[in-house]
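Before any comments, here is the structure.
Naming: A, B, ... by sequence-line order, numbering from 1 per chain. This is a predicted model, so every value here is computed, not measured.
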Number of protein chains: 2
Amino acid sequence: MGLLSKSTEYALRAVLYVASRKDAKYVSIREISDELGVSFHFLTKILQRLTRKGLVVSYRGPGGGVALARPAGRITLMDIVEAVEESDLFTSCILGLAGCGEKKPCPLHGQWARERTGLGKMFRQTTIAKLAGHVVRDKLRLADG
Amino acid sequence: MGLLSKSTEYALRAVLYVASRKDAKYVSIREISDELGVSFHFLTKILQRLTRKGLVVSYRGPGGGVALARPAGRITLMDIVEAVEESDLFTSCILGLAGCGEKKPCPLHGQWARERTGLGKMFRQTTIAKLAGHVVRDKLRLADG
DNA sequence: CTATTTTCAGACATCACAGTCTGAAATTGG
DNA sequence: CCAATTTCAGACTGTGATGTCTGAAAATAG
Ligand code: FES
Ligand code: FES
């Protein structure tokens with residue numbers, strides 16, 4: 001099992017792609033799906049979700065597409081993950097028990113809570129701007145190959 | 001998405017339960033499923049996998065059940081996870097790209113690789129004995145409620 | 001206005017994981 | 001031997017995530 005769902009993976013890659021094309025006003029979903037090598041229709045549904053959540057704005061018709069709703073420096077990985085994934089990764093018990101907390105911990109609670117906090121920090125502190133800049137400067141990939 | 005699959009969660013809980021019943025020779029799957037509150041048949045399939053992988057030994061007939069194949073101090077969480085999960089969590093790209101490594105990193109590689117290493121250490125260094133001891137001494141739960 | 005482009009919306013299909021069920025094989029106790 | 005107990009094996013079903021398809025709605029260009 002991967003850490004993130006396919007939907008979240010695609011969402012992150014798509015947003016990073018849009019952010020790395022700072023010059024463009026709107027980027028069409030068709031262009032994104034072609035560049036990332038993922039299904040157009042599936043990506044459309046995912047981006048619609050980001051649109052409804054207010055992370056990206058969209059525009060229909062020729063020259064339309066999607067754009068970030070606010071500066072990439074104010075969008076974190078956690079924003080995206082929370083928008084598309086209904087995951088309790090950062091709050092739930094690693095053994096799947098009901099209610100994770102200090103009151104009734106499972107035997108793994110201590111160690112998992114520490115790792116989870118580290119992961120949460122990474123997702124909350126890393127912005128799209130930082131990663132997109134990395135993509136542009138170092139020509140990092142957002143697709144296979 | 002949780003970090004572990006249901007199968008892995010059940011496997012860990014079952015092994016911890018067996019380890020925390022040091023006095024017993026064999027623990028029946030029925031007893032385990034009752035205590036953990038999970039499906040008997042489903043748990044059976046999971047424990048059969050652990051048996052085939054050589055992590056537990058089983059015995060049929062009255063008084064039969066499963067037991068750890070070696071001292072709990074020499075079974076790590078990673079042993080269990082690798083036995084039941086065909087997960088690449090500790091080797092694959094967090095964006096799902098083909099081939100994760102320094103040669104062709106994705107923009108998240110650096111940060112994810114660090115977190116992943118921490119997680120891997122936790123799973124490799126934590127033994128069943130340590131956690132089961134914790135369960136017995138502090139009466140920690142392995143089931144809901 | 002008309003044709004084209006593009007997102008929006010939702011139905012439908014596919015697939016892997018989770019869970020259920022039935023019966024066979026092994027072991028024990030009487 | 002016989003009956004009860006328990007694991008082993010595999011077929012079957014349910015469910016949610018993934019992926020595909022068709023058409024409507026909005027915007028642009030001519
Ligand atoms: S109770 Fe299990 S991780 Fe917190
Ligand atoms: S290439 Fe993406 S995490 Fe290593």
message = Holding to salt bridge (Lys or Arg N to Asp or Glu O under 4.0 Å), I want the full list of residues that pass it with A:Glu31, two or more places apart in sequence or in another chain.
response =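 Only A:Arg21 meet the salt bridge (Lys or Arg N to Asp or Glu O under 4.0 Å) criterion with A:Glu31.
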
message = Applying side chain to side chain contact (heavy atoms under 4.5 Å, CB included), can you list everything that pairs with B:Ala98, at least two apart in sequence or on another chain?
response =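 Applying side chain to side chain contact (heavy atoms under 4.5 Å, CB included) to B:Ala98 gives A:Asp144.
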
request  = Name all residues meeting the side chain to side chain contact (heavy atoms under 4.5 Å, CB included) criterion together with B:Gln125; count only those two or more places apart in sequence or in a different chain, and write none if there are none.
outcome  =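 Residues passing side chain to side chain contact (heavy atoms under 4.5 Å, CB included) with B:Gln125: B:Lys121.
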
Donor-acceptor list for residues 49-71 of chain B side chains, cut-off 3.5 Å, not counting sequence neighbours:
residue: B:Arg49; atom: NH2; partner: B:Val84; partner atom: O; Å: 3.2
residue: B:Thr51; atom: OG1; partner: B:Leu47; partner atom: O; Å: 2.9
residue: B:Arg70; atom: NE; partner: B:Arg74; partner atom: O; Å: 2.8
residue: B:Arg70; atom: NH2; partner: B:Arg74; partner atom: O; Å: 3.2
residue: B:Arg70; atom: NH2; partner: B:Asp79; partner atom: OD2; Å: 3.1

ask   = Does the side chain of A:Glu85 come under 3.5 Å of the side chain of A:Ser7 through a donor N or O and an acceptor N or O?
value =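 Looking only at side-chain atoms, A:Ser7 and A:Glu85 do not form any donor-acceptor pair under 3.5 Å.
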
request  = Name the residue closer to the 5' end of DNA chain C, choosing between B:Tyr59 and A:Tyr59 according to the nucleotide with the nearest heavy atom.
outcome  =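 Of the two residues, A:Tyr59 wins.
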
Does [Y] offer a backbone N or O that forms a donor-acceptor pair with the side chain of [X] under 3.5 Å?
X        : Y        : answer
B:Ser92  : B:Asp88  : yes
A:Lys104 : B:Gly145 : yes
A:Arg30  : A:Phe40  : no

query = Between B:Ser39 and C:dT20, is there a side-chain N or O to OP1/OP2 distance below 4.0 Å?
reply =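 Yes, because at least one side-chain N or O of B:Ser39 sits under 4.0 Å from OP1 or OP2 of C:dT20.
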
inquiry  = Would you say B:Tyr10 places a side-chain N or O within less than 4.0 Å of OP1 or OP2 belonging to C:dG19?
reply    =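 Looking at the OP1 and OP2 atoms of C:dG19, one of them is under 4.0 Å from a side-chain N or O of B:Tyr10.
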
request  = Indicate, with a heavy-atom threshold strictly under 4.0 Å, whether A:Glu86 touches base, sugar-phosphate, or nothing.
outcome  =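 Sugar-phosphate contact only.
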
message = Enumerate the salt bridge (charged side-chain N to carboxylate O under 4.0 Å, His left out) contacts for residues 123-132 of chain A, please, sequence neighbours excluded, ordered by first and then second residue.
response =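 Residue pairs passing salt bridge (charged side-chain N to carboxylate O under 4.0 Å, His left out), neighbours aside: none found.
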
ask   = Any ring-ring contact (aromatic ring centres under 6.0 Å, His included) pairs touching residues 95-129 of chain A, not counting sequence neighbours?
value =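 Qualifying pairs: A:Phe90-A:Phe123.
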
What residues in [range] put a non-hydrogen atom under 4.0 Å from any atom of DNA chain D?
range                     : value
residues 26-35 of chain B : B:Ser28, B:Ile29
residues 42-49 of chain A : A:Phe42, A:Lys45
residues 62-70 of chain A : A:Pro62

ask   = Between atom CZ in B:Arg60 and atom P in C:dA26, what is the gap in whole Å?
value =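 One finds 6 Å between P of C:dA26 and CZ of B:Arg60, rounded.
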
request  = Give the C-alpha distance, both sets of side-chain angles, the deciding distance and a yes or no for side chain to side chain contact (heavy atoms under 4.5 Å, CB included) between A:Leu3 and A:Thr8.
outcome  = CA-CA 10 Å; A:Leu3 187 72; A:Thr8 307; over 6 Å; no

inquiry  = Side-chain heavy atoms nearer than 4.5 Å, only ILVMFWY residues, links allowed to pass through others: does that put A:Ile32 and B:Leu97 together?
reply    =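 The answer is yes; both residues are in one hydrophobic cluster.
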
key: Residues in contact with DNA chain C, drawn from residues 11-23 of chain A - heavy-atom cutoff 4.0 Å   =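 DNA chain C contact set from residues 11-23 of chain A: none.
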
A:Leu12 CG to A:Leu131 CG distance, which is reported to the nearest 0.5 Å =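 The distance works out to 9.0 Å.
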
message = Would you say that A:Gln111 contacts B:Thr126 through its side chain, given a criterion of any heavy-atom pair below 4.5 Å between the two side chains?
response =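 Side-chain contact under 4.5 Å: yes.
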
ask   = The side chain of B:His41 lies closest to which of these nucleotides: C:dT7, C:dT27, C:dT20?
value =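 Given the options C:dT7, C:dT27, C:dT20, the side chain of B:His41 is closest to C:dT20.
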
task = Under 4.0 Å from any heavy atom of chain B: name the first and the last nucleotide of DNA chain D that qualifies, 5' to 3'.
result =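 Span of nucleotides near chain B: D:dT5 to D:dA11.
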
request  = List the atom of A:Leu95, the atom of B:Arg13, and the distance in Å for their closest heavy-atom pair.
outcome  =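 Scanning both residues completely, I find the closest heavy atoms to be O-CD, 3.6 Å.
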
inquiry  = Holding to side-chain hydrogen bond (donor to acceptor under 3.5 Å, both in side chains), I want the full list of residues that pass it with B:Glu9, two or more places apart in sequence or in another chain.
reply    =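 For B:Glu9 the side-chain hydrogen bond (donor to acceptor under 3.5 Å, both in side chains) partners, ignoring immediate neighbours, are B:Lys6.
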
